Every structure is written in structure tokens, then in C-alpha cells.
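Below: one structure, written as C-alpha cells.
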Amino acid sequence: MKVCKFGGTSVASAKQIKKVVEIVKSDSSRKIVVVSAPGKRFSEDEKVTDLLITLANAALHGGDIETALENVVGRYQSIANDLELENAIEQVIRKDLERRLLTTKEDESLFIDTIKAAGEDNNAKLIAAYFNHIGILAEYACPKEAGLLVNERPARVQALPEGYEKLEKLKEAEGIVVFPGFFGYTKSDTLRTFNRGGSDITGSLVAAAVRADLYENFTDVDSVYSANPNVVGNPMAIDQMTYREMRELAYAGFSVFHDEALMPAFLRAVPVCIKNTNNPEAPGTMIVQDRDNSKQPVIGIAADDGFSTLFVEKYLMNQEVGFGRRLLQILEDECISFEHTPSGIDNMSVIIRNEYLTDENRLKIIKRIQDELQADDVHFRDMEYSMIVLVGEGMRHTKGLTARAATAIAKTESNIEMINQGSSEVSLVFGINKKDEEKIIRELYKEFFQEANLLV
Ligand code: ASP
């Protein structure tokens, strides 16, 4: 039994939804279909989720609710018309949105979640209606009744595996189950959405709960590529990779698959396949437990920007018990999560994503480190950092990889600001100046992926 998830571009229009139906029809083991909200039909188009965020903000801050509501209903209306569905479905959607707009605005973030979730919820209803319209038995599954449980606020939203037992019953359905992605309910019946792109998480959760043989994640590319196609022309497609490799690549900017989506599938060893709705014949990329990495120790090169470095120096830091803990405690007090902490004997740097930093908390952090840790020097480095990540399970057993990578970077005449080899040795991270990012990726790609170098 397969669970398949279709992303926003796969369900953006009637034409795309017809492709989805063909894909589901072509394989009788495709029983559960998880859907996103309609995404972009062309590059300047707006995703329904973004239209819904505009609607929620209009309702919260006195904006033009009418226009915002019509923009959303209009998208569904045009899909329903093109699918030749009756007007009733459009009325159901309009009523649903009006009902959501009347819910409490006491907690703005929860109100926005309630509105945002309408994107996938109504799309699932519409797609289930279309299946039935063309004579294929299908039903919409409501995440609340089906048991997609999430934790309470204010903690970061995460699914609770306690819901699995109930979710497992989805496999008893007679026909196709159409399940909306992106949101779940807390035990107190509060709706919460996952982070953006979170329908991948729903798909993985449902696949894990029903112990699917395969979780197929349909998107708009034939496979995952070894480097960003916008930087490296025609990069190599990845046929097979491990969960850990995908996790590392997703963390560092591979947006094909949400980085939080792997965990449920991984924990129940459900293999994942990334496939293309527009070219379902292409085999896609399989994500599995193990792969033979002897021929290709490095599987991909990712890069992510938007990092800052906090530099702290204090003479005899290495002998001061608890220095690191107290430094990180100051960051914790500001609710800041850190990415890397490269250190020397008397200095330590903390690499932080810019989204956690404001002018205000930067000053506060510096002052506290000066006052409480009596540091000799503390400052945020004045540079836009990028992290370039080389990923591959085979790196652990291959000698000379770091030398090859560093030599490739040297050829671009760029400086390496930081090197971090994760303890698992699945990734090697280079902190570099953002301005050098693209030329470094191209050089690393040449070194590790050009045919002649593959087996070196
Ligand atoms: N519709 C949501 C978004 O645009 C979730 C998803 O598509 O996965 O982020």
C-alpha cells in the first residue's frame, strides 16, 4: 500500500488535478492521497496559502476582507468549473471560509493557522468530490476525526505519535482517502499548522501510521539533484540516497522535501520516493535506510545563506569550567537556537541563523557576555555567511575528501572561514563569505561529480 502526497504545483489547476487522478488510477496500491493547497500555476502566480495569509491579516488588521475572500474562492471556483463540478462545492468552500473568519481572534497566530489550513482542507474536499464525480470511490478525511494529533502551543508544532493508532484505521477505507496536508489538532481540539511546506510532514506521518510500503512525494521535478540546477547547469540526478543524506541536504537548502518530514518515515522504515507529477514515468529519487556508497561517497552539495557569527575570546577559556554552558545559556535566554560552535583554546564562535537576531538582542547578548563571562573580546562578525555542505554516507570511509574539497575552494580564491565535520561524518560544512557561494559550488561540483572524478 502506498501513500502519495501531491504538492502545491501538482494541484494548482484542474489540468494538474487530472494528472493526479491519472497517477492514482494507474496503480491500485495508491490508496491514500495527501494534498497541498493549490500552489502557483505560473511563476508570478500566488499560492492559495499566501492568499489565505493575506485574508487572515485583513481580518485581523481591518483590511479589505471582501477582495481577499473573493481571491481565494475564485481560485477554487475556476478549478471546480474546469473540472465540471457542480456549483455546490464552491458554496461549501465559501461557507467554510466565512465560518473560519468568525472564529476567535484572541490568539492571532492560532487564528492565522485556522485560515491557512483552509487551503489544504478545501482542496482535499474538492479533489475527493472530483474522484467521485468521475466514478472513483473516494472520501475526504478530516484530520481531527482521523487522529492527526499535534502538541499544544507555544512549543514548536510537532505531531504526537499517540495519534497513530487512530490514523492507522485510514487503511480500512473502501475507496481512496483524500487527506489534507499541513495541519493537525491538539488534544484540546485547537487547529495548528506545520511550518510552510508542511504537507510533506503530513504525508510522512500518515505513511508511518498506516505502515505504508512506500511514501511517494509528488512534486514538479524528476528527482533530487546533486546540486542546485540554477547554479550548476544540468546537475546529476540522485537515484538513491539515505534518510540521513536527505536530512542533511534538506537542512542546507534542498527545498524538494521538507526537512522535518523525514522523521516519521525514518522511524518506521517507510521508504520515500520523490517523483514528478508532470513526468510520472521518471523513476524519481528513492530515500532508503542504506545504500551502496562505494562508488559515490559524496551524494550532494548544498548551500544556505543568512548566518551570523558571534565571536568570543577570553584568555585561559579552556580551563574555565562551565564557560561554554554559560555562553549558550545566554543565547537560550533569548530563545536562540545555534547551528555550529567551532572553537579554539581561548575562543569560541557560535553560528546563528539571522532570523533569530535583532539589533536589540545582539546588543543585549554582547553586554551579558562582557558582564557575566568577562570576555576579553566579544562581537558579531561583520560578514554575511553561507554554509556550504558536502553530504555523503561514504565520506566516513574515504580518505582525502577534505583535502580535495579545500583544494577546490582554494582554486576559487575564496577564504574558508570555518570547517565543521559533523561527528557522524555524513557532512562536511564550510563557512564562507556569501559572495563566494556560487563559484565554490561550481568548483566543488566539478571536483566531486564530473565523470572523471567520481571514483577518485
Ligand atoms: N500550502 C502550504 C504552503 O504553501 C503547505 C504545503 O504546501 O506543503 O506552505
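Start at 1 and go down the list; that is how both ligands and their atoms are numbered. It should be emphasised that the depicted structure is a prediction, and the values quoted were computed from it without experimental measurement. The figures that follow rest on heavy atoms only: side chains count, while hydrogens, waters and symmetry mates do not.
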Numbered atoms of ligand 1 (with element) below 4.0 Å of R196, judged on heavy atoms: 3 (C), 4 (O), 9 (O)
G197 N/O to ligand 1 N/O under 3.5 Å: yes
Closest non-hydrogen atom pair between K40 and E46, with its separation: CG-C, 4.4 Å
Heteroatom proximity flag, S36 to ligand 1, N/O under 3.5 Å: yes
Sidechain-backbone polar pair: T103 side chain, R99 backbone, donor-acceptor under 3.5 Å: no
Per-atom contacts, ligand 1 versus S199 - under 4.0 Å to a heavy atom: 5 (C), 6 (C), 7 (O), 8 (O)
Whether Y76 side chain and G119 backbone form a donor-acceptor pair below 3.5 Å: yes
Protein heavy-atom partner closest to atom 1 (N) of ligand 1 - residue, atom, separation in Å: T49 OG1, 2.7 Å
Among N279, T277, T9, N276, side-chain hydrogen bond (donor to acceptor under 3.5 Å, both in side chains) partner for D220: T9
G181 touching ligand 1 at heavy-atom level, < 4.0 angstrom: no
K2 side chain vs A212 backbone, donor-acceptor pair below 3.5 Å: no
Contact partition for K116 relative to ligand 1, non-hydrogen atoms under 4.0 Å: neither
Shortest non-hydrogen contact from Y140 toward A124: CD1-CB, 3.7 Å
Contacting atoms of ligand 1, where contact means under 4.0 angstrom from a heavy atom of E120: 1 (N), 2 (C), 5 (C), 6 (C), 7 (O)
Interfacing atoms of ligand 1 (cut-off 4.0 Å, heavy-atom, K47): 4 (O)
Proximity of H258 to ligand 1 by residue part, where a heavy atom lies under 4.0 Å: neither
Cationic tip of R353 above Y251 ring, under 6.0 Å, 45° of axis: yes
